[in-house]
A.B. asks: 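Just dropping this structure here.
All values reported here derive from a predicted model rather than from experimental measurement. Heavy atoms only: backbone and side chains are in, while hydrogens, waters and symmetry mates are out. Every chain is numbered from 1 and lettered A, B, ... according to where its sequence line falls, protein lines coming before strand lines.
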Amino acid sequence: MIAVYDTLTRGKRPLAPADPTLVRIYVCGVTPYAEAHIGHARPAVVWDVVRRHLTRRGYRVVYVQNYTDVDDKLVDRSRVVQCDIGELARQHIADYEREMALLGVEPPDLAPRVTDHLTDIVRFVAGLVERDRAYEADDGVYFEVRRDPQYGQLSGQHLDEMRPGVRVQVADGKRDPADFALWKRAPSDEPGWESPWGRGRPGWHIECSAMSARYLGEAFDLHGGGVDLVFPHHENERAQSRAYFGVEPAAIWMHNGLITQAAVKMSKSLGNGVSLQALLDRAHPMAVRTYLLSVQYRTPLDFSWQGLDDWSRGMERIWRLWEDVRNEPAPSALPHAPQPQWLQSLQAFEENLLAALDDDFNSARALALVFDMVRDARRGEATPYGRAARGLARANLAKADAVLGILPIDDKTAGRPQSDSVLNELVQWRQAARAGRDWELADQIRDLLDRAGYRLEDTPRGANLRPKEKSRRAGQPSPPV
RNA sequence: GGCGACGUAGCCAAGUGGUAAGGCAGGGGUCUGCAAAACCCCUAUGCCCCGGUUCGAAUCCGGGCGUCGCCUCCA
């Protein structure tokens, strides 16, 4: 049983998809008017884990995440940078998709764009007007909020208690301050499409109702987004969809917590955002990914560079084990009872991991189990059952990677990083020095390699050379080779 | 003013009634030519404060204090 926290009912509910074999997910995607920041990465990574876990649990998943490629912010931005709005959106979408791929986020099954769905949107708005749930005004079409007795349920807002005067109306044609735009007339120098209500563009919320219905049907299983979207975006989306179809659009509403810095929300206006590019310059992409998973998805994540560095150090331990066991075959036979504790743990690992994720996708607990597993594997490695420990470690890391995404993508299939002949010469030279007990020379060679960006470790199985500081470091040149 | 979340060791963080996971940092060991890595041991008699319920509470209830979010574009 998979339990998921539902914003509407304020509690965990069992996931019970209408089609028991298929989970249909809609997540509000980005408005591609600026470079992606860490706040865009969190939901992407979180829902990537949701998909992976549901898939592991045997469901088929259809995951839809939209791009809002036309709205006021894009219009404004395109003016500032003197760039065609379509081109602007395409560039930012391309950057976003490239960065998400680095983070190991699998692309959505469908990534619909607003500009490709004007027909659906116009039909949706027309339907709401026909049903007398929306009205045409001088400057567009508005949804009539007061006609929905359930309005405010999702966000816990009460229409009469919302701060008066905050929703500024600037001489528009709303009948009620809480009404929101379904269609906004646009001047001829701005992007627009013809409609029964004149040339204009969609309001902010209608796109998601139209596109989710188009691809997932009028009712689907999970709807996601950041908590800052609960009101007004999702409240309005829910109201529209219910008004149009007469049914609840999403069985469960999931919302990820926001990312803060020094406990304050990152936002454009405060200028305290951290771009994804800056993160990737500093840390290994998979360290960034798992850092975002180190906290349960609903909990606010207070970002700090120190925190990211600390986390990266922990991940290195996992990756080191992977490097050591990646080519290990599965154990052919396990020792018989009585089995030591570590061996039992290694065998129960995946079961425990999946159980942690069954509980509202608790990736923090899941990652703690991975660290436990690493320790158990190392412990077992030093026993007569070392081969079994290593084989189980390899299998377990692969299983954890399948649902969480924890291993460096480049390393997964490629062999060990091939060192060039010069490096090999140095290592062998040093081995000779050590054999001759010339410790001073041996240490000098090790220092030399260190300065070149490699760490040399003497292990029971021989010298091990690997690029150091794999997970982090801004400003350091890439190792030569 | 309304709605909501959070407050667990130096830092991050899991834990919704049964006697404090995990990571980083720190201390001490084992191993090593020395390191590194790895492993072992130690580091919260206590979970913001005060009451209450209970055999038993970080976990439930009441009251405080503090921080943050939403109510306006925002993942």
A.B. asks: Distance between the P atoms of B:C6 and B:G15, in whole angstroms?
C.D. replies: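 Roughly 11 Å separates the two P atoms.
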A.B. asks: Compare the minimum distances between each of B:A36, B:C73, B:A75 and the side chain of A:Lys73, then state the nucleotide with the smallest one.
C.D. replies: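 Selected nucleotide (nearest to the side chain): B:C73.
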A.B. asks: So if I apply the salt bridge (Lys or Arg N to Asp or Glu O under 4.0 Å) rule between A:Arg430 and each of A:Asp438, A:Asp443, A:Asp458, which one comes out positive?
C.D. replies: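 Among A:Asp438, A:Asp443, A:Asp458, the one meeting salt bridge (Lys or Arg N to Asp or Glu O under 4.0 Å) with A:Arg430 is A:Asp458.
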A.B. asks: Could you check A:Asp360 against A:Lys12 for salt bridge (Lys or Arg N to Asp or Glu O under 4.0 Å), going step by step and ending with a plain yes or no?
C.D. replies: CA-CA 8 Å; A:Asp360 203 23; A:Lys12 288 180 191 173; 5.4 Å; no
A.B. asks: Indicate, with a heavy-atom threshold strictly under 4.0 Å, whether A:Leu258 touches base, sugar-phosphate, or nothing.
C.D. replies: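 The residue A:Leu258 makes base contact.
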A.B. asks: Apply side-chain contact (heavy atoms from CB on, under 4.5 Å) to residues A:Asp359 and A:Arg365 and explain how you reach the verdict.
C.D. replies: CA-CA 10 Å; A:Asp359 184 12; A:Arg365 212 152 78 206; 3.3 Å; yes
A.B. asks: It should be established whether A:Arg313 places a side-chain nitrogen or oxygen under 4.0 Å from OP1 or OP2 of nucleotide B:G23.
C.D. replies: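 Result: no.
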A.B. asks: Between B:A21 and B:G64, how far apart are the two P atoms, rounded to whole Å?
C.D. replies: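 It works out to 34 Å between them.
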A.B. asks: Write down the distance between CZ (A:Phe303) and C1' (B:A13), rounded to a whole number of angstrom.
C.D. replies: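 Distance, rounded to whole Å: 17 Å.
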A.B. asks: Provide the distance between the two C1' atoms, one in B:C12 and one in B:G26, to the nearest whole Å.
C.D. replies: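 Result for the C1' pair: 15 Å, nearest Å.
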A.B. asks: Test for a donor-acceptor pair under 3.5 Å between the base of B:C34 and the side chain of A:Asp458, counting only N and O atoms.
C.D. replies: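 Counting by modelled atom types and ignoring angles, a donor-acceptor contact under 3.5 Å is found here.
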A.B. asks: How close or far is atom P of B:A5 from atom CD1 of A:Ile259, stated in whole angstroms?
C.D. replies: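 Distance check: A:Ile259 CD1 to B:A5 P gives 21 Å.
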A.B. asks: Have a look at A:Leu367 and say if it touches a base, only the backbone sugar-phosphate, or nothing, with a 4.0 Å heavy-atom cut-off.
C.D. replies: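 The residue A:Leu367 makes no contact with any strand.
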A.B. asks: Within the 4.0 Å heavy-atom criterion, would you say A:Gln296 contacts the bases, only the backbone, or no part of the nucleic acid?
C.D. replies: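 Since only primed, P, OP1 and OP2 atoms lie under 4.0 Å of A:Gln296, the category is sugar-phosphate.
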A.B. asks: Can you tell me the base-pairing partner of B:G18? Count Watson-Crick or G-U wobble geometry only, both distances below 3.5 Å, and say none if there is no partner.
C.D. replies: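 B:C55 is the nucleotide pairing with B:G18.
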A.B. asks: What contact category does A:Arg320 fall into here, base, sugar-phosphate, or nothing, at under 4.0 angstrom with non-hydrogen atoms?
C.D. replies: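 Sugar-phosphate: the residue A:Arg320, judged by heavy atoms under 4.0 Å, touches backbone atoms but no base.
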A.B. asks: Using centres under 5.5 Å plus planes under 30 degrees as the test, is A:Phe371 stacked with B:G22?
C.D. replies: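 Not stacked by the 5.5 Å and 30° rule.
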A.B. asks: Determine the contact category for A:Ile38: base if any of its heavy atoms lies under 4.0 Å from a base atom, sugar-phosphate if only primed atoms, P, OP1 or OP2 are that close, otherwise nothing.
C.D. replies: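 The residue A:Ile38 makes no contact with any strand.
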A.B. asks: For A:Arg379 and A:Gln341, test the side chains for any donor-to-acceptor distance below 3.5 angstrom and give the result as yes or no.
C.D. replies: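 No pair is found: no donor N or O on one side chain lies under 3.5 Å from an acceptor on the other.
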A.B. asks: Do A:Tyr26 and A:Asn66 pair up side chain to side chain, a donor and an acceptor below 3.5 Å, judged on atom types alone?
C.D. replies: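 A:Tyr26 vs A:Asn66: donor-acceptor pair found between side chains.
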A.B. asks: Quick one: label A:Arg390 by what it contacts on the DNA or RNA (base, sugar-phosphate, nothing), any heavy atom closer than 4.0 Å.
C.D. replies: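 If one applies the 4.0 Å heavy-atom cut-off, A:Arg390 turns out to touch nothing in the nucleic acid.
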A.B. asks: Any chance the side chains of A:Asp310 and A:Gln306 put a donor and an acceptor closer than 3.5 Å?
C.D. replies: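 There is such a pair between these side chains.
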A.B. asks: Write down the distance between CD (A:Glu235) and P (B:U72), rounded to a whole number of angstrom.
C.D. replies: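 Distance, rounded to whole Å: 12 Å.
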A.B. asks: Look at the side chain of A:Arg430 against the base of B:G33 and say whether a donor-acceptor pair falls under 3.5 Å; ignore hydrogens and angles.
C.D. replies: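 Flag set: donor-acceptor pair detected.
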A.B. asks: Could you check A:Arg446 against A:Asp450 for salt bridge (Lys or Arg N to Asp or Glu O under 4.0 Å), going step by step and ending with a plain yes or no?
C.D. replies: CA-CA 6 Å; A:Arg446 189 166 63 195; A:Asp450 184 81; over 6 Å; no
A.B. asks: Which nucleotide wins on minimum distance to the side chain of A:Asp443, given the candidates B:G33, B:G23, B:A75?
C.D. replies: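 So the nucleotide nearest the side chain must be B:G33.
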A.B. asks: Between A:Asn362 and B:G15, is there a side-chain N or O to OP1/OP2 distance below 4.0 Å?
C.D. replies: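 Checking A:Asn362 against B:G15: at least one side-chain N or O falls below 4.0 Å of OP1 or OP2.
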A.B. asks: Taking atom types as they are modelled, would you say the side chain of A:Arg317 forms a donor-acceptor pair with the base of B:C24 within the 3.5 Å cutoff?
C.D. replies: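 Between B:C24 and A:Arg317, which were checked side chain against base, a qualifying N/O pair under 3.5 Å is absent.
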A.B. asks: Is it the case that more than 12 heavy atoms not belonging to A:Arg77 sit under 6.0 Å from its CZ atom?
C.D. replies: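 No, CZ of A:Arg77 has 12 or fewer neighbouring heavy atoms, counting only those of other groups under 6.0 Å.
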A.B. asks: Check every strand shown and say whether A:Thr299 touches a base, only sugar-phosphate, or nothing at a heavy-atom separation below 4.0 Å.
C.D. replies: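 Since only primed, P, OP1 and OP2 atoms lie under 4.0 Å of A:Thr299, the category is sugar-phosphate.
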A.B. asks: Which whole-number value in Å describes the distance from A:Phe231 CZ to B:A5 P?
C.D. replies: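 It works out to 17 Å between those atoms.
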A.B. asks: Paired with B:C6: which nucleotide, if any, by Watson-Crick or G-U wobble criteria at under 3.5 Å for both distances?
C.D. replies: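 Across all strands, the one nucleotide that pairs with B:C6 is B:G66.
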A.B. asks: RNA chain B: A:Asp376 or A:Asp71, which has the more 5' nearest nucleotide?
C.D. replies: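 Checking each residue's closest nucleotide, the 5'-ward one belongs to A:Asp376.
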A.B. asks: Under 4.0 Å, counting only non-hydrogen atoms across every strand here, what does A:Gly225 touch: a base, just sugar-phosphate, or nothing?
C.D. replies: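 Sugar-phosphate only.
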A.B. asks: Starting at CD of A:Glu457 and ending at C1' of B:C31, how long is that distance when rounded to a whole Å?
C.D. replies: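 Rounding to the nearest Å, CD of A:Glu457 and C1' of B:C31 are 14 Å apart.
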A.B. asks: Using the C1' atom in both, what is the distance from B:A58 to B:U16, to the nearest Å?
C.D. replies: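 It comes out at 10 Å once rounded to the nearest Å.
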A.B. asks: Mind calculating the distance between CG (A:Leu159) and P (B:G2) to the nearest angstrom?
C.D. replies: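 Going from A:Leu159 (CG) to B:G2 (P), I get 16 Å.
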A.B. asks: Using the C1' atom as the point on both nucleotides, what is the distance between B:C48 and B:U59, in whole Å?
C.D. replies: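 Their C1' atoms lie roughly 15 Å apart.
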A.B. asks: Want to settle it: does A:Gln157 or A:Asp359 sit nearer the 5' end of RNA chain B, counting the closest nucleotide to each?
C.D. replies: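 With A:Gln157 and A:Asp359 compared, the 5'-side residue is A:Gln157.
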A.B. asks: Give me the distance, rounded to whole Å, that separates B:G23 from B:C39 when you measure between the P atoms they each carry.
C.D. replies: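 Comparing P positions in B:G23 and B:C39 gives a spacing of 9 Å.
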A.B. asks: Please determine whether any donor N or O and acceptor N or O are separated by less than 3.5 Å between the side chain of A:Arg446 and the base of B:A35.
C.D. replies: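 Under the 3.5 Å cut-off, the side chain and the base do form a donor-acceptor pair.
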A.B. asks: Applying a 4.0 Å non-hydrogen cut-off, can you work out what A:Val230 is touching in the nucleic acid: base, sugar-phosphate, or nothing?
C.D. replies: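 The residue A:Val230 makes no contact with any strand.
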A.B. asks: State, without any angle test, whether A:His53 and A:Asp358 hold a side-chain donor-acceptor pair at a distance under 3.5 Å.
C.D. replies: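 A:Asp358 and A:His53 do have a side-chain donor-acceptor pair below 3.5 Å.
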A.B. asks: Using a cut-off of 4.0 Å on non-hydrogen atoms, how would the nucleic acid contact of A:Asp372 be classed: base, sugar-phosphate, or nothing?
C.D. replies: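 Here A:Asp372 touches the backbone only, sparing every base.
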A.B. asks: Rounded to the nearest angstrom, tell me the gap between atom CZ in A:Arg434 and atom P in B:A36.
C.D. replies: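 Atom-to-atom, A:Arg434 to B:A36, this comes out as 14 Å.
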A.B. asks: Using the P atom in both, what is the distance from B:G18 to B:A37, to the nearest Å?
C.D. replies: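 Looking at atom P only, B:G18 and B:A37 are 38 Å apart.
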A.B. asks: Which part of the nucleic acid does A:Gly39 contact within heavy-atom distance under 4.0 Å: base, sugar-phosphate only, or nothing?
C.D. replies: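 Here A:Gly39 touches the bases of the nucleic acid.
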A.B. asks: When the P atoms of B:G27 and B:G63 are considered, how many whole Å apart are they?
C.D. replies: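 The same atom, P, in both gives a distance of 47 Å.
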A.B. asks: Hey, does the side chain of A:Arg375 come within less than 4.0 Å of B:C39's phosphate (OP1/OP2), counting only N and O?
C.D. replies: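 No, no such contact exists.
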A.B. asks: Could you tell me the separation between the OH atom of A:Tyr5 and the P atom of B:C6, rounded to a whole number of Å?
C.D. replies: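 From A:Tyr5 OH to B:C6 P: 8 Å.
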A.B. asks: Can you figure out which of B:A75, B:A14, B:G33 approaches the side chain of A:Arg365 most closely?
C.D. replies: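 The closest nucleotide is B:A14.
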A.B. asks: Who does B:A37 pair with, Watson-Crick or G-U, both distances under 3.5 Å?
C.D. replies: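 Partner of B:A37: none.
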